[in-house]
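Read through the structure below, which is laid out as structure tokens, and then see the notes.
Both ligands and their constituent atoms are indexed starting at 1 by order of listing.
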Amino acid sequence: MNNEIKEVEPLAQPISVFESDVTEGLTASPKFLKSKYFYDKTGDKLFQQIMELREYYLTNCELEILNSHKEHIAAYFKGSQEPFQLVDLGAGNAYKTKILLQHFIKKNVNFEYVPVDISENAIEKLTFDLKKHFPKIQISGYSKEYLDALRLIKNETPKLILFLGASIGNFSRTEAEDFFKQISRQMNAEDLLCIGFDLKKDTQIILDAYNDARGITKKFNLNLLTKINREFNADFKTDTFEHVPSYDPHSGEARSALRSKFNQKIAIQKLGVVIELKEGELIHTEISKKYALSEIKSLAENSGFQIVENLFDKHHYFTNSVWRKN
Ligand SMILES: C[S@@+](CC[C@H](N)C(=O)[O-])C[C@H]1O[C@@H](n2cnc3c(N)ncnc32)[C@H](O)[C@@H]1O
């Protein structure tokens, strides 16, 4: 399959971070692509469809938690004279955050909403949508990486920083600790951080969440190859790859990968590389780590935080863990 000799021009220009990440990942062994690159116009849309899937229990769990604790969350900043900032890291379409926004607006809570997302498309659409539905909302969106945006947000105002959707699961344990240490440098003593963690549970429930019957998660994964084709003039044929989800109950890592159905060579013209894939070889695309409560506690402590409280859904599938800096 596709074994003709491939040629590419060597690179003449310095390259962007996306370009060097793709080159590094696809020439590594085992091959990988970073999950933050899933999100473009199509990726944003597919992720919204994933959130609505019956199998993707995470959305309903977090919706339930935010709905049942919205008054309690609003009360954290009740006495504050100045408007506090509701910073939403990886806001997406803010489907769940809207529960808080609606409640805060209804209760005349004095706040500014600060969504952050690497996807420019997500921030543009969200700002337009919120201004239309909540004309009085104060909103300042950042289409930037999480930490780059946090460094730009003014530090004097009290903040509630949201990191929802179990996005922390995409980080390894060491990356998570390093990430929270860096967040803590941008926080003051009265600020709070509210993180959505997906908890360890029955293996089949987790596997189904990343292998839905309608194949939306598969499309979401394959879109990464389509994006590389479009942006780097590559010739990935998406129908020569299978979507492979797996879960290790011990480490709590749910992984997604794309498996090459054949021996094949892919030319990525703009990067000046040809990559070779063996039949059955995997390109790892995502880790979604599931946590035990003891792991959340040690992660908080090792990154300089204390847990204020853990909020749960009725099945205890998910927790929103609220942290304060030590
Ligand atoms: C799993 S979705 C969660 C969306 C939303 N918070 C929710 O809970 O439904 C992750 C979001 O984070 C954004 N994202 C991923 N990596 C990012 C990064 N490094 N910096 C900023 N945003 C990022 C994506 O574009 C996407 O909208």
Next on the checklist: Can you tell me if S167 contacts ligand 1 (heavy atom of the residue under 4.0 Å from the ligand)?
Outcome noted: yes
Checklist entry - Which protein heavy atom lies closest to atom 1 (C) of ligand 1, and at what distance to 0.1 Å? => result F47 CZ, 3.3 Å
Checklist entry - Where does Y39 meet ligand 1, judged by heavy-atom distances below 4.0 Å: at the side chain, the backbone, both, or neither? => result side chain
Checklist entry - Counting each atom of ligand 1 from 1 as listed, which ones have a heavy atom of G90 under 4.0 Å away? => result 3 (C), 4 (C), 5 (C), 6 (N), 11 (C), 12 (O), 13 (C)
Next on the checklist: At under 4.0 Å between heavy atoms, is it the side chain or the backbone of F38 that contacts ligand 1, or both, or neither?
Outcome noted: neither
Item to check | For K96, the ligand 1 atoms whose distance to one of its heavy atoms is below 4.0 Å | outcome: 7 (C), 8 (O), 9 (O)
Next on the checklist: Under a 4.0 angstrom heavy-atom cut-off, which atoms of ligand 1 come close to K144?
Outcome noted: 20 (N), 21 (C)
Item to check | Close-contact set for ligand 1 against M51 heavy atoms, below 4.0 Å | outcome: 9 (O)
Checklist entry - Which ligand 1 atoms does G165 reach within 4.0 Å, using its non-hydrogen atoms? => result 8 (O)
Checklist entry - Hydrophobic cluster mates of I123, side-chain heavy atoms under 4.5 angstrom, ILVMFWY only, any path? => result none
Checklist outcome for this item: The option among N93, V116, I118 carrying the non-hydrogen atom nearest to atom 21 (C) of ligand 1 is I118
Checklist entry - Which atoms from ligand 1 have a heavy atom of G92 less than 4.0 Å away? => result 27 (O)
Checklist entry - What is the closest protein heavy atom to atom 27 (O) of ligand 1, and at what distance does it sit? => result D117 OD2, 2.7 Å
Checklist entry - Taking atom types as modelled, is there a side-chain donor on Y57 or K201 under 3.5 Å from an acceptor on the other? => result yes
Run the side-chain donor-acceptor check on residues 41-54: report pairs under 3.5 Å with partners two or more places apart or on a different chain.
residue: D44; atom: OD2; partner: S119; partner atom: OG; Å: 2.7
residue: D44; atom: OD2; partner: N121; partner atom: ND2; Å: 2.9

Checklist entry - Under 4.0 angstrom from ligand 1, any heavy atom of Y95? => result no
